[in-house]
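Computed from a prediction, not measured in an experiment: that's the story for all the values here.
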Amino acid sequence: MYDNRKVDWVGSMVTAGLGAGIVTSFAVSQGQSPWLGLGITVFAAIAAVLIDRIAAS
């Protein structure tokens, strides 16, 4: 009935970043640019957190 959801932005970012980082680290090991891999990781983490927050409201 009462949804007391506390916003933990840092925890969500770390979790999403780790998930995306695992995949992009594999891509970097296969020859992808490290900067591109970092950009993909940051974008995926931000997108995952925003989608989670939008879906929760």
Side-chain angles (χ1 to χ4, degrees):
M1 294 219 192
Y2 180 69
D3 186 20
N4 188 13
R5 183 178 170 133
K6 296 187 179 199
V7 178
D8 182 20
W9 292 96
V10 176
S12 296
M13 286 296 289
V14 168
T15 303
L18 284 174
I22 291 170
V23 175
T24 54
S25 65
F26 176 74
V28 168
S29 73
Q30 298 297 313
Q32 182 182 13
S33 166
W35 291 108
L36 182 60
L38 182 64
I40 292 170
T41 301
V42 170
F43 176 78
I46 291 171
V49 170
L50 289 177
I51 290 170
D52 178 51
R53 298 301 172 212
I54 291 170
S57 49

Please say yes or no: joined through hydrophobic side-chain contacts below 4.5 Å, possibly via intermediate residues, are Leu50 and Met13 part of one cluster? yes

If two hydrophobic side chains count as joined below 4.5 Å and joins carry through other members, does Val28 share a cluster with Ile40? no

Measure the CG-OG1 distance between Leu38 and Thr24 for me, rounded to the nearest 0.5 Å. 8.0 Å

How long is the span from the CD1 atom in Ile51 to the CD1 atom in Ile46, to the nearest 0.5 Å? 12.0 Å

Can you see which heavy atom on Gln32 is nearest to which on Gly37, and at what distance? NE2-N, 4.2 Å

Contact summary for Ala16 and Ala45, nearest pair of heavy atoms: CB-CA, 3.8 Å

